[in-house]
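Here the structure comes first, spelled out in structure tokens, and everything after it is commentary.
Because only heavy atoms are used, hydrogens play no part in the values below, and waters and symmetry mates are left out as well, while side chains stay in.
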2 protein chains.
Amino acid sequence: MTLLDTRGAAALTMRNIADELGCTQASLYRHVRNREELVTLLVDRALDVASSAPPDGMDWAGKAAWSARLFRAHLLRHPGVASLLRGTERLGPNSLAGVQYSLELFINAGLSPRLASAAASSLATFVIGSVHLNLGLDMSDPEESRHRRLLYRSRDAATFPLLVQHADTLAEVSSDDEFEVGLNALLTGFRALIQNSDITRD
Amino acid sequence: MTLLDTRGAAALTMRNIADELGCTQASLYRHVRNREELVTLLVDRALDVASSAPPDGMDWAGKAAWSARLFRAHLLRHPGVASLLRGTERLGPNSLAGVQYSLELFINAGLSPRLASAAASSLATFVIGSVHLNLGLDMSDPEESRHRRLLYRSRDAATFPLLVQHADTLAEVSSDDEFEVGLNALLTGFRALIQNSDITRD
DNA sequence: ACCTGAACACCGTTCAAGT
DNA sequence: ACCTGAACACCGTTCAAGT
């Protein structure tokens, strides 16, 4: 865990883990079948944020937004965890707690179990995908913004007119902005979905 | 390219590439700095679908949905490409063409360049994230659905009541369903955003 | 039961040496 | 300029041998 946070996902090798634990690499295979199994266990343990519930007094959309922001912030604080987060291994108890919670949220909001599941999945997909796509980048770094502006501006104006024209704007859009716009759009869409299924039910 | 499609991303090693090309691994470093640079070039070349535009006669939402589904289908058909798709390397000409196109779409729909960029990014994030989270899984495989049903049903009913109760429903929700629900919600949210900025402008 | 040392078959990358 | 052979420092995994 500390190894992953301090030296990154690339340094999470069986040898380094064994060193950190004070044993040989071969010993690890007494407690774990594969490296993959170890990663699965590690990732689920790292997802214990999902259990912290939003404060009371919010409607479902407020709670969903609160949880999504918390989850995203946690992943951004632990990029190593985020980079190991795939779809296959979301079976651990902490991940399941997250599924249970978001499912409850959307069902109580008025969605059918099927739609609630799809909505919760979509939201998680967006949060994880959002962190994933910005893993290498540090948007607060001014160097990064300058680099992107140059990339857009130096394109051929005939084939990429909009990129050249709005280079400055595009370079300035932070990943936080992107996330908020997408999160808001998703929740607005879910709200419409709930109203529609209410109408259908009447 | 054929190596990636036939034997997967794990088999995309410098040795295998060199074999496929009929040279030694060391020769590759005359044409490419890193393996990473090679992957970047390869991924961008694999994204040539972005250039195929949707048929005329659709509104912006229809076009966006059409492009998103096309992109997703392409990635699902080439899982190796999808697994290599990170955020850092979207600089290639094909990726930029996709950015230019989606930007044009949302600006013409009535969004400011800033919001259009965020909307386009969010949509791409959702598509890529959606494919990413289902990379290992084959939902059409009945074995997979049975496994998921068992996973949910065998949980502790006291801590995960909803998972146990709706195990059958949850196991049956396909990734296609999830994607359609999320896509629809996003586009509905963007539509509301456009109407809002129209009102603000008046 | 748990650990060790040593090996195996793989990686990406480098570099002197060839043509 | 481009390619080769051989090496380097790493991987994950296995296995007989120890306690």
Side-chain angles (χ1 to χ4, degrees), chain A residues 1-47 78-92 95 132-138, chain B residues 1-47 78-92 95 132-138:
Chain A
M1 200 84 202
T2 62
L3 180 63
L4 181 58
D5 271 342
T6 55
R7 300 180 47 197
L12 196 74
T13 70
M14 299 304 268
R15 280 166 178 83
N16 286 345
I17 295 170
D19 279 3
E20 198 88 3
L21 264 52
C23 65
T24 28
Q25 35 174 348
S27 312
L28 299 176
Y29 290 88
R30 285 288 135 182
H31 307 85
V32 123
R33 256 194 306 270
N34 291 338
R35 181 177 180 275
E36 193 188 332
E37 183 177 310
L38 190 149
V39 168
T40 300
L41 292 171
L42 189 69
V43 166
D44 188 72
R45 169 161 296 195
L47 294 185
H78 305 281
V81 176
S83 71
L84 294 177
L85 201 58
R86 288 288 156 127
T88 323
E89 74 286 75
R90 50 177 165 179
L91 331 128
S95 313
H132 252 158
L133 283 193
N134 293 59
L135 261 189
L137 287 64
D138 182 12
Chain B
M1 201 84 205
T2 62
L3 180 62
L4 182 59
D5 272 342
T6 56
R7 298 181 48 197
L12 197 74
T13 71
M14 300 303 267
R15 281 166 178 83
N16 286 343
I17 296 171
D19 280 2
E20 197 88 2
L21 264 52
C23 65
T24 28
Q25 35 174 347
S27 311
L28 299 175
Y29 290 87
R30 285 288 135 182
H31 306 85
V32 124
R33 255 193 307 269
N34 291 339
R35 179 176 180 277
E36 194 188 331
E37 183 176 310
L38 191 149
V39 167
T40 300
L41 293 170
L42 188 69
V43 166
D44 187 72
R45 169 160 297 197
L47 294 185
H78 305 281
V81 176
S83 71
L84 294 176
L85 201 57
R86 290 286 157 127
T88 324
E89 75 285 77
R90 50 177 166 178
L91 331 129
S95 314
H132 252 158
L133 284 193
N134 292 60
L135 260 189
L137 287 65
D138 182 12

Check your understanding: DNA chain D: A:A26 or A:A11, which has the more 5' nearest nucleotide?
Key -> A:A11

Point to revise | Whole angstrom value for the distance that separates P of D:dT13 from CD1 of A:I17 | key: 11 Å

Point to revise | B:L21 CG to D:dC3 C1', straight-line distance once rounded to whole Å | key: 13 Å

Exercise for review: Examine distances only and state if a side-chain atom of A:H78 and a backbone atom of A:A46 form a donor-acceptor pair shorter than 3.5 Å.
Suggested key: no

Revision key, fill the gap. Closest to the side chain of B:S27, out of C:dC3, C:dC11, D:dC3, is D:dC3

Check your understanding: When the distance from OH of A:Y29 to P of D:dC11 is rounded to whole Å, what number comes out?
Key -> 12 Å

Check your understanding: Counting only Watson-Crick or G-U wobble pairs whose two distances fall under 3.5 Å, which nucleotide matches D:dT4?
Key -> C:dA16

Revision key, fill the gap. The answer to which of B:L12 and A:Q25 contacts DNA chain C further toward the 5' end, by nearest nucleotide, is A:Q25

Review point. Between the main-chain N or O of A:T2 and the side-chain N or O of A:T6, is there a donor-acceptor pair closer than 3.5 Å?
Key: yes

Exercise for review: First locate atom OG1 of A:T13, then atom CG of A:D19, and finally report the distance between them rounded to the nearest 0.5 Å.
Suggested key: 8.0 Å

Check your understanding: Within the side chain of B:N16, is there an N or O that forms a donor-acceptor pair under 3.5 Å with the backbone of B:L3?
Key -> no

Exercise for review: For A:T13, answer base if it contacts any base atom (sugar-phosphate contacts may also be present), sugar-phosphate if it contacts only those atoms, and nothing otherwise; contact means non-hydrogen atoms under 4.0 Å.
Suggested key: sugar-phosphate

Exercise for review: Provide, to the nearest angstrom, the distance between the CE atom belonging to A:M14 and the C1' atom belonging to C:dG5.
Suggested key: 17 Å

Point to revise | Distance, rounded to the nearest Å, where A:L28 contributes CG and D:dC11 contributes C1' | key: 14 Å

Check your understanding: Between the main-chain N or O of B:N134 and the side-chain N or O of A:R86, is there a donor-acceptor pair closer than 3.5 Å?
Key -> no

Point to revise | First of A:R30 and A:R15 reached from the 5' end of DNA chain D, by closest nucleotide | key: A:R15

Study note, to complete from the structure: note: B:D19, atom CG; D:dT4, atom P; distance rounded to Å ~ 11 Å

Study note, to complete from the structure: Atom NE2 of B:H31 and atom P of D:dA1 are separated, to the nearest Å, by 13 Å

Practice item. Would you mind reading off the distance between B:N16 atom CG and C:dT13 atom C1', rounded to a whole angstrom? Key: 16 Å

